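Note that these values count all heavy atoms, side chains included, but never hydrogens, waters or copies made by symmetry. Position 1 is the first residue of the sequence; numbering continues from there. Just follow the structure's listing: the first ligand is 1, and inside any ligand the first atom is 1. Fair warning: this is a prediction, and the values are worked out from it, not measured in the lab.
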Amino acid sequence: MAISVNELATHKILQDRVVLVTGGSRGIGAEIAKELAAQGATVAINYVSNADRAQEVVREIESYNAKVTAVQGDVANPEAMKKVYEEVMETYGKIDILINNAGITRDAKFVNMTEEQWNQVITTNMNSIFHLTKLVLPNMIEQNYGRIVNISSIIGQAGGFGQTNYSAAKAGMIGFTKSLALEVARYNITVNCVCPGYTFTDMVAAVPEKVQEKIIAKIPLGRFGTPKEVAKAVRFLVVDGDYITGQSINVNGGMYM
Ligand code: NDP
């Protein structure tokens with residue numbers, strides 16, 4: 001099939017770009033990695049434990065003739081993140097685009113929530129973006145270019161029953177995004193959030209079917225989102241969003257406005 005003029009132009013935009021996607025072995029992160037690789041980007045996908053799934057994503061991206069590598073490392077561990085950063089820098093020499101996507105849930109009603117559940121979610125979902133962004137930013141500043149996209153959540157905007165930890169972390173990401181955007185705009189670095197609604201990945205598949213039905217009943221578009229639909233919003237920010245910074249794009253089927 002012939003490539004349209006638009007596709008060619010987009011391809012060029014990411015051709016020389018290196019992307020690091022945390023949590024790129026499954027779900028939304030894997031789709032973001034594929035979406036950006038399909039536009040010509042070189043991609044490093046980080047994962048924590050699922051080497052097989054990470055290799056599946058690598059193989060698929062290789063089939064687009066894009067450069068790709070999988071890098072193991074726990075985003076909750078600053079030392080591990082330093083190693084991930086160094087490995088990507090050694091392999092590709094730079095990171096132009098950082099997608100802070102890795103995240104977990106540890107749901108419990110607040111009265112039952114343990115300090116461990118609180119800390120796991122805050123450390124993995126929010127402290128991680130402090131550590132990784134701090135590593136990646138100096139090189140972006142030096143090259144006067146950078147795109148950072150943080151994957152927050154509708155739960156950070158609207159709250160979620162049994163999710164005080166997750167909601168706090170995801171709302172924190174939005175505040176972080178707005179403040180950092182102010183600080184780094186002068187270096188041609190944009191920082192934005194994408195806030196997915198309920199998106200069908202392993203995270204949502206783990207929710208009991210009865211609860212899934214109740215959630216769908218509350219979504220104006222009447223279905224869960226797909227990882228691809230979230231990835232397209234990320235692609236828009238990275239490819240066409242040069243004048244967009246400090247924003248949150250909601251990809252939620254109309255569930256929160
Ligand atoms: P999944 O559970 O499907 O995938 C999680 C990904 O994150 C995997 O690649 C996993 O790696 C990786 N990961 C988990 N913990 C760590 C860690 N400590 N260090 C490094 N990588 C880690 O999640 P989703 O795709 O559903 O979610 C992606 C992001 O989107 C998350 O931040 C989530 O909070 C957010 N989100 C998701 C929504 C949804 O409905 N699905 C809605 C709103 C936001 P491995 O395979 O090795 O375990």
Side-chain angles (χ1 to χ4, degrees), residues 20-35 43-58 70-85 87-88 98-107 119-132 149-160 163 165-174 176-177 193-207 211-212 215-216 218-219 221 223-231 233-234 248-253 255-256:
L20 170 58
V21 184
T22 66
S25 50
R26 292 185 281 127
I28 292 170
E31 272 323 305
I32 294 170
K34 290 181 210 169
E35 187 73 23
V43 182
I45 54 166
N46 153 258
Y47 67 99
V48 64
S49 56
N50 224 321
D52 290 348
R53 295 287 292 272
Q55 282 313 314
E56 274 174 36
V57 180
V58 165
V71 195
Q72 193 279 334
D74 182 352
V75 294
N77 177 343
E79 283 309 307
M81 276 305 93
K82 192 156 176 276
K83 282 194 189 137
V84 167
Y85 168 75
E87 201 173 321
V88 179
L98 171 63
I99 314 293
N100 285 309
N101 165 77
I104 56 165
T105 51
R106 294 288 181 269
D107 294 355
N119 285 337
Q120 276 180 342
V121 168
I122 297 294
T123 308
T124 305
N125 296 16
M126 191 165 67
N127 293 355
S128 62
I129 72 169
F130 169 80
H131 294 294
L132 193 53
V149 182
N150 298 318
I151 307 302
S152 176
S153 170
I154 189 172
I155 304 299
Q157 302 168 306
Q163 297 194 297
N165 49 1
Y166 185 78
S167 181
K170 293 301 189 182
M173 287 175 96
I174 296 172
F176 172 92
T177 296
C193 273
V194 168
C195 297
Y198 289 87
T199 309
F200 202 78
T201 66
D202 295 345
M203 194 178 263
V204 167
V207 174
V211 180
Q212 287 188 20
I215 296 169
I216 288 175
K218 290 186 192 154
I219 303 173
L221 281 175
R223 62 173 176 85
F224 290 132
T226 66
K228 188 85 176 164
E229 286 164 333
V230 178
V234 174
S248 294
I249 296 189
N250 300 339
V251 185
N252 62 25
M255 200 177 180
Y256 175 87

Measure the distance from atom 37 (C) of ligand 1 to every protein heavy atom, then report the residue, atom name and distance (to 0.1 Å) of the closest one. Ile28 CD1, 3.7 Å

Measuring only between side-chain heavy atoms, which start at C-beta, is Thr226 closer than 4.5 Å to Thr199? no

Write out the residue and atom name of the closest protein heavy atom to atom 40 (O) of ligand 1, then the distance separating them to 0.1 Å. Thr199 N, 2.8 Å

Atoms of ligand 1 under 4.0 Å from any heavy atom of Asp202, numbered from 1 in the order shown, are 3 (O)

Suppose we measure from atom 42 (C) of ligand 1 to each protein heavy atom; which comes out shortest, and what is that distance? Gly197 O, 3.0 Å

Using every non-hydrogen atom in the two residues, find where Asn165 and Arg106 come nearest and quote the distance to one decimal. ND2-O, 2.9 Å

Just jot down the ligand 1 atoms closer than 4.0 angstrom to any heavy atom of Asn46, in number order. 20 (C), 21 (N)

Contact check, side chains of Ile28 and Pro196, non-hydrogen atoms, under 4.5 Å: yes

Shortest non-hydrogen contact between Gln157 and Ile174, atoms and distance: CG-CD1, 3.9 Å

Run down the list Asn125, Asn150, Asn101 and name the one with the heavy atom closest to atom 28 (C) of ligand 1. Asn101

Can you measure from CG (Asn127) to CD1 (Ile129) and round to the nearest 0.5 angstrom? 9.0 Å

Under 3.5 Å: N/O of Tyr47 near N/O of ligand 1: no

Shortest protein contact, atom 24 (P) of ligand 1 (heavy atom only): Thr201 OG1, 3.6 Å

Numbering as shown, the atoms of ligand 1 that approach Asp74 to under 4.0 Å (heavy-atom distance): 17 (C), 18 (N), 19 (N)

Pick from Gly23, Ala206, Gly24: the one approaching atom 6 (C) of ligand 1 most closely through a non-hydrogen atom: Gly23

Main chain of Ala76, side chain of Asp74: is a donor-acceptor contact present, judged purely on distance under 3.5 Å? yes

Of all the atoms in ligand 1, which lie at a distance below 4.0 Å from a heavy atom belonging to Tyr198? 40 (O)

Student check: side-chain heavy atoms of Asn50 and Arg26 closer than 4.5 Å: yes

When you measure from atom 19 (N) of ligand 1 to every protein heavy atom, which one gives the shortest distance, and what is it? Val75 N, 2.9 Å

With atoms numbered from 1 as shown, which atoms in ligand 1 lie under 4.0 angstrom from a non-hydrogen atom of Asn50? 45 (P), 46 (O), 47 (O)

Among Gly27, Gly103, Ser152, which one has a heavy atom closest to atom 44 (C) of ligand 1? Ser152

Tell me the protein heavy atom at minimum distance from atom 16 (C) of ligand 1, and give that distance in Å. Val48 CG1, 3.6 Å

Counting non-hydrogen protein atoms only, what is the nearest one to atom 23 (O) of ligand 1? Give residue, atom name and distance. Met203 CE, 4.0 Å

Is the shortest side-chain N to carboxylate O distance from Lys34 to Glu31 below 4.0 Å? yes

Answer yes or no: is there a side-chain heavy-atom contact under 4.5 Å between Val88 and Val71? yes

Tell me, please: is Lys170 in heavy-atom contact with ligand 1, that is, under 4.0 Å? yes

For ligand 1, which atoms have a heavy atom of Ile104 less than 4.0 angstrom away? 14 (C), 15 (N)

Side-chain touch Tyr198/Ile155, heavy atoms, less than 4.5 angstrom: yes

Within the 4.0 Å heavy-atom shell around Gly73, which atoms of ligand 1 are there? 19 (N), 20 (C)

Between Asn46 (side chain) and Gly73 (backbone), is there a donor-acceptor pair under 3.5 Å? yes

Any side-chain to backbone donor/acceptor pair from Ser248 onto Cys195? Under 3.5 Å, distance only. no

If you measure every N/O of Ser153 against every N/O of ligand 1, is any gap under 3.5 Å? no

Contact check, Arg26 vs ligand 1, heavy-atom distance below 4.0 Å: yes

Proximal ligand 1 atoms for Tyr166, defined as those under 4.0 Å from one of its heavy atoms: 33 (C), 34 (O), 35 (C), 36 (N), 43 (C), 44 (C)

Nearest candidate to atom 30 (O) of ligand 1, where distance is taken over non-hydrogen atoms, out of Ile154, Val204, Ile151: Ile151

Can Arg223 and Glu229 be counted as an ion pair, charged N to O under 4.0 angstrom? yes

Heavy-atom nearest neighbour in the protein, as seen from atom 9 (O) of ligand 1, with distance rounded to 0.1 Å: Ser25 OG, 2.7 Å

Do Ile154 and Asn250 have side chains that approach each other closer than 4.5 Å (heavy atoms only, starting at C-beta)? no

